[in-house]
Amino acid sequence: KGFLYETRKGKRRLIVAESPSALHQLLQKKENDLDLLRSNMDYAAELLSCIQQHDRSMPTVKFYEGVDGFKRMLEDSLTTKKGKVYVFTYVDLFSKLLDPDYLENYFKRRAKKGIHTQLIFPPCPFANRVDAKSELYKIQVRLLPEEHEWKSGFFSWDDTVAIMSYTEGKLTCTFIDNADIAHFFQHVMFCLCWKQAKPIGAEV
């Protein structure tokens, strides 16, 4: 890693520490490498986009595990080109896994991008917490009756549906990229559930 060098004294092999100035040289090399990486990033991203072009009629599936997979999903949703995200989740479990403050920070960043969101939740304190800031977060929240309970969630935007499992020890996030599946979820399944759900404050 550049902190040591090898030399010989007669038949003996010696490992010697570099001088302190070598640390500055090592740092400079790392900075040069980072500058080179930055300069090539746009080209590399464009190249990867070309490689990833595929037949949109065939679903593409990606699978992630753990809380990091949930965070990856949230960050990807911020890239929506249509400016709309549909959320159907057991938010009490989801917010505790991610940390409620982290999730609210995501809501703020999402709103700053002008993204509007419809959310279907079960009745819970977190639902009330975010509904109180609905204009700030550009969200609409509706609740399902209390008797419904589940350990999963859906996020959908553009041509993507992300399906999550919140079972302890088996946290997973599966992305399905397909225009037909996303359209069916957003404009049929979600729409039907949205009509059944009630705004906070209304009789559920």
Side-chain angles (χ1 to χ4, degrees), residues 41-42 45 48-49 52 56 60-144 150-166 171-179 181-202:
M41 186 62 68
D42 289 341
L48 285 172
S49 296
Q52 287 185 331
R56 299 299 293 178
T60 300
V61 180
K62 294 179 285 187
F63 178 82
Y64 300 95
E65 292 185 285
V67 173
D68 286 344
F70 298 160
K71 291 181 179 179
R72 171 70 179 267
M73 180 275 299
L74 293 177
E75 296 304 319
D76 278 12
S77 73
L78 297 177
T79 66
T80 173
K81 295 179 175 62
K82 296 180 180 178
K84 188 73 177 286
V85 177
Y86 302 82
V87 180
F88 190 161
T89 186
Y90 203 84
V91 74
D92 189 42
L93 287 174
F94 187 58
S95 63
K96 288 174 182 175
L97 288 167
L98 282 163
D99 179 68
D101 291 335
Y102 174 91
L103 197 53
E104 281 209 70
N105 178 263
Y106 158 76
F107 290 158
K108 291 175 184 176
R109 292 187 292 127
R110 188 173 62 190
K112 281 185 178 180
K113 290 178 174 286
I115 300 170
H116 293 263
T117 309
Q118 289 177 260
L119 307 102
I120 300 175
F121 292 156
C124 65
F126 188 79
N128 294 323
R129 173 175 166 176
V130 298
D131 184 66
K133 302 175 182 176
S134 58
E135 290 189 18
L136 175 65
Y137 294 160
K138 299 184 186 299
I139 62 174
Q140 289 177 280
V141 179
R142 289 196 177 184
L143 304 180
L144 288 180
W150 62 95
K151 292 185 177 180
S152 58
F154 290 79
F155 274 64
S156 186
W157 63 94
D158 297 351
D159 294 337
T160 299
V161 177
I163 308 169
M164 292 162 290
S165 170
Y166 307 147
L171 304 178
T172 61
C173 186
T174 304
F175 289 63
I176 301 174
D177 290 318
N178 178 264
I181 293 173
H183 182 273
F184 178 68
F185 174 79
Q186 295 168 10
H187 301 289
V188 181
M189 289 179 61
F190 188 90
C191 186
L192 289 172
C193 293
W194 183 258
K195 289 177 181 178
Q196 292 296 314
K198 302 294 182 183
I200 291 179

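Heavy atoms only: backbone and side chains are in, while hydrogens, waters and symmetry mates are out.
In terms of heavy atoms, C173 sits closest to A162 at SG-CB, 4.3 Å. The two residues L119 and W194 make their nearest non-hydrogen contact at O-CZ3, 3.5 Å. In terms of heavy atoms, D158 sits closest to T80 at OD1-OG1, 2.8 Å. Heavy-atom minimum distance, W157 versus M73: CH2-O, 3.8 Å. The two residues V91 and P122 come nearest to each other via the heavy atoms N-CD, 4.0 Å. Scanning all heavy atoms of the two residues, the minimum distance from G69 to Y64 falls at CA-CB, 3.7 Å.
Ion pair D92/K96 flagged as a salt bridge, since at least one NZ, NE, NH1 or NH2 atom sits closer than 4.0 Å to an Asp/Glu carboxylate oxygen.
The side-chain tip of K195 does not point at the ring of F190 from less than 6.0 angstrom away and within 45° of straight on.
For Y166, the side chain to side chain donor-acceptor pair (under 3.5 Å) partners two or more places apart in sequence, or in a different chain, are T89. For D131, there are no salt bridge (Lys or Arg N to Asp or Glu O under 4.0 Å) partners at least two apart in sequence or on another chain. For Y90, the ring pair (Phe, Tyr, Trp, His ring centres under 6.0 Å) criterion is met by W150, not counting sequence neighbours.
Between R110 and L78 there is a side-chain heavy-atom pair separated by less than 4.5 Å. For the pair I120/V87, no side-chain contact is recorded, criterion being any heavy-atom separation below 4.5 Å from C-beta on. Contact annotation: the side chain of S134 never approaches that of V141 to less than 4.5 Å [non-hydrogen atoms, C-beta and beyond]. By the 4.5 Å heavy-atom criterion applied to side chains, V161 and F155 are not counted as neighbours. You'll find the side chain of K62 reaches within 4.5 Å of the side chain of D177, heavy atoms only. Using a 4.5 Å heavy-atom cutoff, the side chains of K108 and K133 are not in contact. With a 4.5 Å cut-off on side-chain heavy atoms, N178 and T60 do not count as touching. The shortest distance between side-chain heavy atoms of I176 and I163 falls below 4.5 Å.
A side-chain N or O of S77 and one of Y106 form a donor-acceptor pair less than 3.5 Å apart. Checked by atom type, the side-chain pair Y137/E104 shows a donor-acceptor distance below 3.5 Å. With hydrogens and angles left out, the side-chain atoms of Q186 and K84 include no donor and acceptor closer than 3.5 Å.
With S95 contributing its side chain and D99 its backbone, the two residues share no donor-acceptor pair below 3.5 Å. The backbone N or O of K198 lies less than 3.5 Å from no partner atom in the side chain of R142, so there is not a single donor-acceptor pair.
To the nearest 0.5 Å, the span separating SG on C193 from CZ on F154 amounts to 9.5 Å. The line from NE2 of H187 to CG of L192 is 12.5 Å long, rounded to the nearest 0.5 Å. Here F107 contributes atom CZ and R129 contributes atom CZ; the two are 9.5 Å apart, rounded to the nearest 0.5 Å.
Taking the six-membered ring where the residue is Trp, F126 and F121 present tilted rings, their angle falling between 30° and 60°.
Centroid-to-centroid, the aromatic rings of F70 and F94 come within less than 6.0 Å.
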Inset, instruction - Take K138 and V85, measure what side chain to side chain contact (heavy atoms under 4.5 Å, CB included) needs, and give me the verdict at the end. - result: CA-CA 11 Å; K138 299 184 186 299; V85 177; over 6 Å; no

